[in-house]
Amino acid sequence: MSTMAAPAGNNAASSPLRAATTVGGIAMFARREFRDAIASRWFLLYTLAFTVLAVGVSFLSLSGVGSSGFAGFGRTAAGLLNLIMLIVPLMALTAGAGSIAGERERGTLLYLLAQPVSRTQVLLGKYAGLALALVCSLCIGFGVSAGLLAWRAGGVGVGAYILLIGFTAMLALGMLSVGFVISVVSRRTSVSTGVALFVWLALVFVSDLGLMASSIIFKLRVQEIFGVAILNPLQSFKMGVIVNMNASLDVLGPVGDYASHTFGAVLPWLLASTMVAWIVIPLAAAMVLFVRRQSV
Amino acid sequence: MIKAEHITKRFGPVEAVSDISFELGNGCSLALWGSNGAGKTTLIRCLLGVIRFRGRASIGGIDVQRRGRQARALTGYVPQELAFHDDTRLGSAMGFFAGLRRVPGRRAAESLAAVGLSGHERKRVRDLSGGMKQRLALAIALLSDPPLIVLDEPTSNLDAAGRGEVIETLRHLKASGKTLVFASHRPDEVISLADRVLVLEHGRVERDTTPRGLWPTEKPVQVIRLFLSMAKESEAAGVLREAGHAVHLNGNGLCVAVPRDRKAEPINTLAKHRIEVLNIEVLDDMEIPGVES
């Protein structure tokens with residue numbers, strides 16, 4: 001065996017160097033995760049499905065009012081809202097749920113953790129890589145749709161469309177964080193994916209029904225209904241997009257009316273903050289759970 | 001180089017490792033010997049700091065639980081079977097791990113050359129034989145030239161040729177001054193590589209000995225593995241010990257060290273006690289170091 005360089009970890013590293021090393025490790029994992037994700041079938045399938053549906057919605061939203069061709073950006077953004085609320089959480093939750101649990105099931109997690117890296121680096125690196133892959137996937141869908149819209153309908157309402165992309169990215173990152181929490185505590189991918197699907201079902205379908213039922217049973221006041229509603233990231237997303245399209249929340253009934261009048265100009269920021277909280281809090285929880293885990 | 005103090009690890013109600021302490025100096029090699037479930041793998045995971053445990057373990061004076069990343073920088077790990085994304089090419093895998101260990105890219109090529117894998121960089125991990133995978137794991141472990149190599153039954157999934165390759169590489173490493181800690185099921189490995197043996201049973205250290213202490217004979221030794229019905233294994237071990245043989249029940253048959261010219265003796269002894277031997281395996285022909293032929 002040849003004589004080799006002394007391991008860098010042997011040095012007493014100063015704080016800035018340690019920080020640089022930590023970031024370097026995260027970047028290594030992120031790069032690998034991103035490369036693996038874009039080479040995977042799920043990425044291709046979701047990207048294709050999202051692109052086809054986004055283009056389809058932009059076409060149909062104008063056809064629906066009696067014309068043919070493509071609607072403008074603003075109308076397409078509104079049309080895409082429900083599609084995004086269905087597909088994007090599913091994409092992100094399942095991608096997140098498979099991340100750590102998949103590595104654990106394949107036995108690769110133990111091998112990675114046996115390297116000179118910390119659990120935080122592994123988790124944040126994987127999160128960053130998957131987040132980038134998801135955002136790329138969404139950008140491809142939105143980009144193709146936007147290209148066609150710009151060609152057929154000009155740039156009307158492009159601001160609303162960009163805000164829609166921003167809110168969609170936040171929704172995707174939030175759901176990815178929730179997926180990571182599920183993944184960290186699951187031993188098997190099948191279990192984590194099952195739980196992720198249940199969470200998706202709960203957020204997309206059950207929470208609306210639950211809120212309606214609770215408001216009747218407990219006779220919730222309008223401010224309480226609003227408070228509970230924005231706890232669901234999908235509702236925050238929906239309200240955020242509608243508000244940012246300069247549309248009135250009156251379409252959402254008394255709750256929307258209450259929100260518009262009570263919070264006024266602060267409302268978009270409140271909703272955006274809720275979305276950011278859905279990214280940060282579950283990711284922090286996943287990190288704590290992963291670091292404190294007794295076994296691999 | 002490595003120090004374990006009262007390591008205890010519980011999984012729910014089960015105490016997988018119980019109050020294990022030992023210390024190993026630079027350039028020494030330690031074998032962890034015991035049956036399946038004796039706690040070898042759990043102890044290795046504790047020593048690497050990848051699972052939490054009670055007690056203390058340090059590598060080069062660095063606490064593996066408090067400063068795991070720094071401690072693992074001094075350690076190369078070789079698992080039972082390399083688990084890495086099968087689609088990855090060797091060159092890419094080496095590049096990734098070189099980045100994690102913060103060594104220059106050229107070290108990847110040097111490390112592959114050191115284990116005889118030069119020229120295979122374009123191959124995917126899934127296309128490698130078992131022996132090549134283990135050599136790849138060794139190449140990764142050697143990337144930053146760590147002073148300590150920890151191996152978890154590195155040859156258990158290999159055929160005789162693959163096993164020979166890996167053992168040969170480990171012998172070179174030992175000769176070059178590396179400290180080795182390895183779990184093994186195979187007496188031939190223990191005899192040829194270990195200076196010291198920790199015999200584990202039910203998570204506890206049953207004996208802290210040497211290969212000579214485990215298989216005490218003045219003659220060149222060959223180890224045979226006898227396969228019997230499970231129900232008869234304990235009885236057979238007792239019979240053979242009474243007859244003066246060094247026997248170890250390691251969860252995968254009975255390992256018996258015998259003089260090279262009397263390999264049939266344990267089988268005859270068992271036959272006299274009406275214990276049927278279903279199959280035998282003669283393990284690699286190796287002698288206890290230091291014993292004259």
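Chain letters run A, B, ... following the sequence lines, proteins first, then strands; residues in each count from 1.
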*For side chain to side chain contact (heavy atoms under 4.5 Å, CB included), just list the numbers for A:Y111 and B:V78, CA-CA rounded to whole Å, side-chain angles, deciding distance to a tenth of an Å, and then say yes or no.*
CA-CA 9 Å; A:Y111 193 59; B:V78 179; over 6 Å; no
_Using side chain to side chain donor-acceptor pair (under 3.5 Å), reason through A:R32 and B:S92 one step at a time and then give a plain yes or no._
CA-CA 10 Å; A:R32 190 182 70 107; B:S92 165; over 6 Å; no
_One pair to check against side chain to side chain donor-acceptor pair (under 3.5 Å): B:R72 and A:Q115. What are the steps and the verdict?_
CA-CA 6 Å; B:R72 285 189 293 275; A:Q115 306 302 321; over 6 Å; no
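Neither the backbone nor the side chain of B:A71 comes within less than 4.5 Å of any heavy atom in chain A. Using a 4.5 Å cut-off between heavy atoms, A:R31 makes no contact with chain B at all. Neither the backbone nor the side chain of B:T75 comes within contact range of chain A; no heavy atoms are under 4.5 Å apart. Looking at B:R10, neither its backbone nor its side chain comes within 4.5 Å of chain A, counting heavy atoms on both sides. Looking at A:L109, there are no atoms closer than 4.5 Å to chain B (heavy atoms on both sides), in backbone or side chain.
Dense packing is recorded around CZ of A:R293, with more than 12 heavy atoms of other residues, nucleotides or ligands lying under 6.0 Å away. When the shell of 6.0 Å around CZ of B:R126 is examined, it contains more than 12 heavy atoms from other residues, nucleotides or ligands. Around the NE2 atom of B:H120, the shell of radius 6.0 Å holds more than 12 heavy atoms that belong to other residues, nucleotides or ligands. Few gaps surround CZ on B:F11; more than 12 heavy atoms of other groups in view lie less than 6.0 Å from it. Residue B:R124 qualifies as enclosed at atom CZ: its count of foreign heavy atoms under 6.0 Å is above 12.
Contacts between residues 46-57 of chain B and chain A, counted as heavy-atom pairs separated by less than 4.5 Å, involve B:L48, B:V50, B:I51, B:R52. Applying a 4.5 Å heavy-atom cutoff, the residues of residues 117-143 of chain A that approach chain B are A:V117, A:S118, A:R119, A:Q121.
With contacts defined as side-chain heavy-atom distances shorter than 4.5 Å, the pair A:P116/B:R101 qualifies. Residues B:R102 and A:M28 form no side-chain contact, since every pair of their non-hydrogen atoms from C-beta on lies 4.5 Å or further apart.
For chain B, the option among A:L112, A:L110, A:D36 with the highest count of heavy-atom pairs below 4.5 Å is A:L110.
Classified by interplanar angle (parallel below 30°, tilted 30° to 60°, perpendicular above 60°), the ring pair B:F96/A:F29 is perpendicular.
Taking all atoms of both residues into account, the shortest heavy-atom contact from B:A83 to A:G107 is CB-O, 3.4 Å.
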